[in-house]
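All remarks here apply to the structure that follows.
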Number of protein chains: 2
Amino acid sequence: MAEYHASRNTVRGAIKELATLGVVRTLHGKGTFVTEHVNPIVTTLTTDPETGAGGGEGLVYTAEVAASGRSATTSEPDVRIQKANADIAHSLRILVGTEVISRGEQRYIDGRPWSLQTSFYPKSLARRAPRLLDADSIDEGTVAYLRERGIQQAGYRDAIQVRIPDKNETDYFNLPADGRIQVVEIYRVAFDQNGVRVRLTITVYPADRNRFVINVGRVPISDMLIKAVDESSG
Amino acid sequence: MAEYHASRNTVRGAIKELATLGVVRTLHGKGTFVTEHVNPIVTTLTTDPETGAGGGEGLVYTAEVAASGRSATTSEPDVRIQKANADIAHSLRILVGTEVISRGEQRYIDGRPWSLQTSFYPKSLARRAPRLLDADSIDEGTVAYLRERGIQQAGYRDAIQVRIPDKNETDYFNLPADGRIQVVEIYRVAFDQNGVRVRLTITVYPADRNRFVINVGRVPISDMLIKAVDESSG
DNA sequence: AATGATTTGTTCGTATGTATT
DNA sequence: AAATACATACGAACAAATCAT
């Protein structure tokens with residue numbers, strides 16, 4: 001106020017703008033602090049056909065994060081049986097109201113919330129893969145477990161969009177409630193060897209500290225190395 | 001103000017929040033209007049190895065958009081020769097200050113600004129592919145032209161991040177200047193058959209009206225059909 | 001073409017509430 | 001309990017863009 005000969009309200013407005021731009025962060029009762037630049041966490045969405053590495057889910061993300069010297073942890077899965085809403089039904093090509101198994105997980109990096117992931121499986125899969133209904137983590141990963149049970153993942157399709165976080169997400173990620181910081185939402189539909197949709201996985205990441213990489217065609221191996229701290233761009 | 005017995009400033013603050021959430025949009029002197037939901041434009045980032053379709057650049061995006069009944073147009077390229085900054089140099093694995101060819105384009109859908117795309121090539125490429133220096137559009141697409149000149153694109157890597165738009169982008173896309181609506185920035189580094197980096201393409205899209213799709217492994221052909229209006233999710 | 005009404009944008013001064021230290 | 005700092009609200013004035021007359 002003294003420096004710019006402006007009123008408190010004006011300074012407040014300016015600080016709000018800086019907060020929108022991500023330059024500062026305000027904490028009620030504590031103060032306003034310049035944001036420290038966080039190196040984005042890099043997730044590779046494509047699978048390397050040779051090594052099988054990548055994909056950004058299950059065990060792979062743990063390995064990918066660990067490779068960058070960070071520690072990845074996952075909550076126990078929240079396993080539910082519910083009826084498919086229009087969104088889930090459309091993605092899995094089943095009828096609305098059909099029962100599905102949902103397995104939700106909270107994922108942390110270095111103890112800080114990193115992403116929210118929920119997978120939906122047609123309930124009929126449980127006949128051949130009963131452990132989908134267990135409330136324990138499937139240590140080898142559900143993709144490996146399903147393959148073991150004869151359900152191979154032949155491919156998948158990701159749809160990536162950016163949107164305003166909902167209440168759940170602002171709470172979990174500790175984001176401001178006014179939607180200044182957005183989230184990246186990735187819908188992954190996995191297909192089995194017959195082209196049947198066996199899984200829908202929805203993963204939500206805060207947009208400001210994540211980066212996503214996809215490799216297409218022949219990319220030099222040296223560049224396939226996972227670097228969670230990518231010094232390029234920005 | 002009458003309905004909620006609140007002051008103008010309070011109502012203004014509320015409207016600002018609604019604008020941040022994307023519910024309304026204010027136009028100076030005209031009024032405040034509820035936002036009409038726009039169906040996102042879908043861009044497929046992966047290339048179908050069989051058909052060669054996809055990739056989201058050059059001719060492909062025109063075809064992809066046309067398939068959804070919209071019309072795609074592109075400005076004449078803004079061709080420049082400039083020195084590589086740290087970002088470009090790192091992406092192309094060249095020294096900072098090395099001369100590069102930049103070709104920038106503004107891309108429109110149905111006459112409305114859709115994306116900004118700039119490609120950078122090492123200037124040494126111009127020996128074998130002199131038309132890179134022409135200020136005309138390369139109608140068959142630069143990827144096809146380079147292949148014709150013996151420089152094949154064997155693969156590419158995309159890095160996707162979300163950030164606040166700069167002045168250029170808010171002007172071009174007609175976004176609010178306070179960074180409420182963010183942009184998706186995609187860095188694409190293309191490799192030739194020897195694993196050499198031949199191109200860096202940076203494409204910027206407004207985050208609120210675009211969706212990106214990637215296909216990995218075997219995805220049913222029926223699902224490869226491009227749908228610029230995807231009724232799933234949201 | 002000019003003017004006034006309407007609407008959003010910006011700033012100020014002031015007061016009160018609430019979380020933190 | 002007091003001081004500090006952010007959050008919310010009110011009333012007022014003026015600027016700037018648009019629109020109707």
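By convention in this document, chain letters (A, B, ...) are assigned in the order of the sequence lines, proteins followed by strands, and residues within each chain are numbered from 1.
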Does CZ in B:Phe33 sit with more than 12 non-hydrogen atoms of other residues, nucleotides or ligands closer than 6.0 Å? yes

Taking atom types as modelled, find out whether B:Thr43 and B:Tyr205 have a side-chain donor-acceptor pair closer than 3.5 angstrom. no

Identify whether any heavy atom of A:Leu27 sits under 4.0 Å from a base atom; if not, whether one sits that close to sugar-phosphate; answer base, sugar-phosphate or nothing. sugar-phosphate

Taking the six-membered ring for Trp, are the ring centroids of A:Tyr172 and A:Tyr108 within less than 6.0 Å of each other? yes

D:dA1 -> Watson-Crick or G-U wobble partner, both distances under 3.5 Å, gives none

Any donor-acceptor pair under 3.5 Å linking the side-chain atoms of B:Tyr156 with those of B:Thr201? no

Sidechain-backbone polar pair: B:Arg80 side chain, B:Gly104 backbone, donor-acceptor under 3.5 Å: no

Between the protein and nucleotides 2-4 of chain C, list the N/O to N/O atom pairs that are separated by less than 3.5 angstrom.
none

Quick one, give me the B/S/- string for nucleotides 12-21 of chain C, reading 5' to 3', where B means a protein heavy atom under 4.0 Å from the base and S means that only happens at the primed atoms, P, OP1 or OP2. BBB--BBBSS

Stepwise, does the salt bridge (charged side-chain N to carboxylate O under 4.0 Å, His left out) test hold for B:Asp110 with B:Arg112? CA-CA 6 Å; B:Asp110 291 345; B:Arg112 297 151 68 93; over 6 Å; no

Rounded to the nearest Å, what distance is computed from the CE atom of residue B:Met1 to the P atom of nucleotide C:dT8? 11 Å

Going 5' to 3' along DNA chain D, which nucleotides are the first and last within contact of chain B (any atom under 4.0 Å from a heavy atom)? D:dA9 to D:dC19

Any chance CZ of B:Arg131 has more than 12 other-residue heavy atoms, nucleotides or ligands included, within less than 6.0 Å? yes

So does A:Gly22 get a backbone contact from the side chain of A:Arg25, meaning a donor-acceptor N/O pair under 3.5 Å? no

Can you tell me if B:Thr46 uses its side chain to pair, donor with acceptor, with the backbone of B:Asn215 under 3.5 Å? yes

If we check side-chain contact (heavy atoms from CB on, under 4.5 Å) with A:Pro122, which of these qualifies: A:Leu200, A:Ile88, A:Ile101, A:Leu92? A:Leu92

